[in-house]
Structures are given as structure tokens and as C-alpha cells.
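Everything on this sheet refers to the single structure shown next.
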2 protein chains.
Amino acid sequence: MAVTIKDVAREAQVHMSTVSRAFSMPHRLRPETRDRVLEAARILGYRPSRVARALTTGRTRNIGFIVADIANPFFPPMIKAAEHTARSRDHHLFIADASEDPAIEAELVDALAKQVDGVILCGPRIANAKIENLSETIPIALVNRKVTGIPSVTMDVVHGARVAIRHLLDLGHERLAYVSGPRQSWTNTQIRRTVGATAGDRGTVTVLGPNTPTEDAGMAVAAEIVRTGVTAVLAYNDLIAIGIIEGLDALGVSVPGDVSVIGIDDTVLGRLTRPRLTTINVPTADAGTAAVDLLLQYTAGDEDASRPAAHVSLPTELIIRDSTAPPRGSGS
Amino acid sequence: MAVTIKDVAREAQVHMSTVSRAFSMPHRLRPETRDRVLEAARILGYRPSRVARALTTGRTRNIGFIVADIANPFFPPMIKAAEHTARSRDHHLFIADASEDPAIEAELVDALAKQVDGVILCGPRIANAKIENLSETIPIALVNRKVTGIPSVTMDVVHGARVAIRHLLDLGHERLAYVSGPRQSWTNTQIRRTVGATAGDRGTVTVLGPNTPTEDAGMAVAAEIVRTGVTAVLAYNDLIAIGIIEGLDALGVSVPGDVSVIGIDDTVLGRLTRPRLTTINVPTADAGTAAVDLLLQYTAGDEDASRPAAHVSLPTELIIRDSTAPPRGSGS
DNA sequence: TTGAAAGCGCTAACAT
DNA sequence: ATGTTAGCGCTTTCAA
């Protein structure tokens, strides 16, 4: 609690309001005065108290960033990008991990609300209604969820899933499965709706799940995959996909020999597994950056009502690697 | 900025100081009064402003958590554990990514200093002197670094490296290499010092590097490994180890057939690569928890001086998987 | 262009 | 056991 605005004022022989201005509206000061103040501040090592500033202005210049699971490799690049972007706008980022639990997630928003200007919910697990609810208390931006009136950035998983299913179809697979993720995930719903429609009459898609988005869940579902007799599966994310491959392997089922597997997210993991994972790339870092920008822009305006909430959709792309191949006996 | 302590006071027909007490020292209130206040607060949806509270008490109940690279899989489990621990102590966590840059790291401490009670530096890249320096401004706790007078939690990499080298020696390797990490890393120094001493006259250890702790760096160093003619290498971390395996593979050198490779950290990645990575497990989540506890305990005391700084050392363990084997032609 | 003064929401002596 | 009062460090009218 060392040096305050008063110390600088005394040192620079001006009133504290002048010191304040030297930082917040430097152009409204005579250059000599401004320089004298800034110099005094430098000498004393003065940094304005963000806390005190927040109390008067009502703006904390902090952002809350809530994710379902920090340890899920999907999130770190997003967090990193968000933090860098926030910092470049002179904002700091609170990180919070909701443990895939909607109740915790909502509680986190409330807990953070008092010391942030807004909250970014990444892959929220709470219901739309609750989100609308919370957004009346505090500005919210969403990643991978669309709610009317609330700014959001989504990844075009519909396109991704479509391309993935077609890839499988083109390979000659006719019996497919979608291993779904958490029930509350918007992304999951999008994909689930897409897969059947895309297959059309070229193939059938069995939906397995819901599952927690973990490797373990993937391993656990392997037996069921075998039982259904499908020859290709699309998984909710890389973690599940990798678990499936391991589980299948343990069952003596080879990938892609017996079953083809596609993941989603294109995390580092996919390049490392053997076979290397065919997956859908989603621009997580871009999403982090976009979310921060969206929130700040939403937050900056003065009239909170009636500004149309912006939606950003980011492109996805199929990355074909080694976990997909024509079905056994397809003669290719 | 909705409901304040005054609103609650009015609603509950008491003075605002009573409301304040209902939250901070409930036992000093008559039960009926306390209940009335709490009920009023509940009805109005009141939450104390942490900002205003911080301004008066001088304690923000926030912690800064600075890491070299959020996207390095070594950190997320640590961040997650730290966040959970902090939250259970009613603290919030600022996350910041120093991009492996000492200057940014120091700047981050300064930037956060005004709105946190203390900062946790994970795998700091800044010099000891600078850390001592900063710690005069703001309480600091360290992960993977030891500085006299500053609380820290370290992983026992000396033991880990020793066991790893012995494993290699026992396998029959005599020409070893240590592929080092960032020069500023304390862990790196510890390991570097240990490897040679452990090999003693049973083998030679060539040190390669320094390197940035990334897969790319590992790939880049593969050629040099081949050139030195060593048959086994210990890498600064899993990322580099995995890069080395890839790089070696690209050069037609097989692991562990021609060269054995050991990583450090035991991140998820190591179980996924083929061959699966032999590595040293370090308890990153425990470190996150311990660091928060250490900092809060350091922060809680009233006399800042002369309290002996606590040091916590966490155990490490060699995980033998498939990337290590006897050297070619060892007859086994 | 600068100073004076009020006040952000809360806590912490100090009264009573 | 509860009310009064004085700030915490800063920004922001309002004056000058």
C-alpha cells in the first residue's frame, strides 16, 4: 500500500486531481505540468490503485473467464489468447474452473460479478434461461453457445461435422456412430443434429452417450461401439476419440483397420497418438481473442439496452490423418 | 452496481455497520438481528462489494498466478488445482502468461500487484535478485525455484533425474545426453548439475542446449543427438522428449531401438505417443495447491518481517514405459 | 488549466 | 449489541 496519488501530488506540487488527470486525461494538462507529474510518479514508483479507481468509476478493468475444465487441452490455448488480448486492452483476467458443473458455473458468475466488468462463459453447461438471467446482472459473452441477445463466438461445428461424416461416407462406411459429449453442451447438440441429416440415406448414425468429455469416457464406450457393429465413429472431442482408440485397442479392434475414428478440436494430442488422429480443427485461440473483444466492446458502450448482440462464427476444417480408412472388405 | 450495504441496512432497519458485521463478524450480533439482516440481504440479492472491501481492508482476496506458458501441458493441472484451492479459501485467481519472457514476467507482477494480496510465480524465468526485489513490494510464492527468504514449493527433480540416469545406466547405456531447457529455469539447473554427478564413472553425459521447452525444439535437437553418438537421452520435459522422438524418427533413428529417451513431467502426452514415453512424474496439481496455501499463510500473518519462509518439496517418481531399452548390441 | 470537495461501498475504531 | 464517524485512493463535477 505504498505510494498514493497524494504522495505524487505533494512531490509534484500540484493537487491530487491534477495527478489523476495526468494519467486519465493527459491532454487536458499543460505539457510542463503533465511532465512534472509523470516524472514525480516515476521517481516515486507510483501506480494508480486499480481498486480505488474501480470504486469510483464502477469499472474494474477485469474480466472473468469461466471454463468447464482447465485441464481439458481444448481450453489452454483459448485462455492464453484471451489473457493476451485482455492485457493488450489493459484488462486482467480471472480464471475459474467450473468442473463441468452447471451449478458451480452459475455460482462462479455471481462470485466474480462484483469485481469484473463482464464474464466470458466458455462451453457453458448452464441453461439458456439461466444465462439470460445472469446477463441481467453482468455483461456476458459466450463461447460455443448461442443465446439471443447475448454476444457470442461459436465454431462452425455444423460444417465440421458435415465434412467429417461425408469423409466417412466417401470412404465407404455405411454404419456410423456419433459418440456424444455432455448433454448440456450446445456444440454437442449441433453435432448430434447434423450427423443424421448428413448421412441421409447413404448411411445410418447411431448416437451413443451422453458422455463426459474425457479419455476415460471414450474407453468406456468402446465396448458399446463394437456391439453396435458400426465401422466408423465421430466423437464429441479428441479426448473421447483417443479414449475410444485405446479402448478399442484393448478389445483387439484395430483403428482404422476395423473401425475408423474421427475426433473434434485438433488438440496437440491428436498428432501424438498412433494412429495419428483424424480430427476437426477448431480455432480455439481465435475464439479466446474474439470473445474478449466482443465483451469489451459490449461493455464499453454506455447504453446497455438495445444494442444488437454480435455473433462471430469461426471456420472449422477437417484434418485427415491416420485414424480413418475405408471399411474392411471394401476392396480398396 | 445494484444493491449496496445501505439498501440492506434500510431494509433490515439497522445501521450499515450492523450489516457489515452480519457478514464479517456474525457472532458479535444478536441472533435475531443477524438473521433479519441476512434475510434482508438475501431478499435484495446483496453481495458485498469486494472492491470496496479491498479498499478499506487493504486485502483484495485475490491472487496472481503467473506461468511461463499456459499452453504448456505442464501448467493447466497446476492452474486448476490452484484455482480450486484459492476458491475454497474465498480467493480469486488472476491468470497471466509470461510467454517465457523474464521482462514480461516482472512487468506482470507489477501490473497485478495493486489488486492482489500476493503473486505465485511458476517456473519463474526472472533472476533471483529481481524476485527478491519484487517480493519487497508484494508477497511472492515460488513454484520450482528456491530463493532464500521466499516461500516456495519445488518438485524433487534432483531425485527424479538421479533415478532416470540410473535407469539408463542400469540398462547398459554409457554415452548419455541431457537435452536442457531454458537457461533461466531453476529446474533445468538442478537437473543439469545432477546428471553428470550421477553418471560418475559409469558413463558420460553430454549437455545439449539450452532449448525452449517445446516440441519443435526437441525435433530440432534430434540431429545433434545423432551426431554426438549417445545412446540415451534425458530431456528437460515431455514436450522436448516427444519432439526428440519425432525428430529421431524422421531421421530414421528408432526409439528405443537405437536411442532411449526419457522425459520429465509426466503430462498426458506421454501416455499417448508411440512408443509411450518413459518419464518422471511430478505432482503439478499438488504444487498448485501447496503454493496457494503457502502464499495465503504468508499473507495472513501480520508481522511481515522475520517469519521464516516455508519450503515445500514434493516427491517425484520414474514412470517406466516404452521409450527406454538396453542399447543396441547389448546382448539382452 | 488547475484546485476544492464530494462520494464510490465498505470497514474499523470509537461511542453509547 | 448497535450506531457514528472517519477514512481507504481515486475520479469527477463544479469553481475559479
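Excluded from the calculations below are hydrogen atoms, water molecules and symmetry mates; all remaining heavy atoms, backbone and side chain alike, are included.
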From CD of B:Q115 across to C1' of D:dG9 the rounded distance in Å is 14 Å
With A:E83, which residues qualify under salt bridge (charged side-chain N to carboxylate O under 4.0 Å, His left out), at least two apart? A:R87
If the cut-off is 4.0 Å, is B:T18 near the phosphate of D:dG3, judged by side-chain N/O to OP1 or OP2? yes
Take the protein atom NZ of B:K114 and the nucleotide atom P of D:dC10, then report the distance between them rounded to whole Å. 6 Å
Measure centre to centre between the rings of A:Y46 and A:F23, then say whether the value is under 6.0 Å. yes
With nearest nucleotide decided by heavy atoms, which residue, B:T33 or B:T56, maps closer to the 5′ end of DNA chain D? B:T33
Rounded to whole angstrom units, what separation is found between the CG atom of B:D7 and the P atom of C:dC8? 11 Å
Which part of the nucleic acid does A:S17 contact within heavy-atom distance under 4.0 Å: base, sugar-phosphate only, or nothing? base
Can you tell me which nucleotide in D:dT2, C:dG9, C:dT1 comes closest to the side chain of B:R28? D:dT2
Using atom CZ of B:F23 as one end and atom P of C:dA12 as the other, report the distance to the nearest whole Å. 15 Å
Is there a side-chain contact between A:S20 and the phosphate of D:dC10, meaning an N or O under 4.0 Å from OP1 or OP2? no
At 4.0 Å (heavy atoms only), tell me whether A:V14 reaches a base, stays on the sugar-phosphate, or touches nothing. sugar-phosphate
Provide, to the nearest angstrom, the distance between the CG atom belonging to A:D117 and the C1' atom belonging to C:dC8. 15 Å
B:Y46 near the nucleic acid: base, sugar-phosphate alone, or nothing, with a heavy-atom cut-off under 4.0 Å? sugar-phosphate
Strictly distance-based, threshold 3.5 Å: is any side-chain N or O of A:K114 a donor or acceptor partner for the main-chain N or O of B:R47? yes
The single option from B:L134, B:I138, B:V119 passing side chain to side chain contact (heavy atoms under 4.5 Å, CB included) against B:D110: B:L134
Value in whole Å for how far the C1' atom of D:dA1 lies from CG of B:D35: 15 Å
Any A:H15 side-chain nitrogen or oxygen under 4.0 Å from OP1 or OP2 of C:dA4: yes
Between P of C:dG7 and CZ of A:R53, the distance in whole Å: 22 Å
Atom CG of B:L55 to atom C1' of D:dG7: distance rounded to whole Å? 9 Å
Name the residue closer to the 5' end of DNA chain D, choosing between A:I5 and A:R21 according to the nucleotide with the nearest heavy atom. A:I5
Between B:T60 and B:D117, a side-chain donor and acceptor under 3.5 Å: yes
Counting just side-chain N and O atoms, does B:R30 come under 4.0 Å of either OP1 or OP2 of D:dT2? yes
By nearest-nucleotide position on DNA chain C, the 5'-leaning member of A:L29 and B:T57 is A:L29
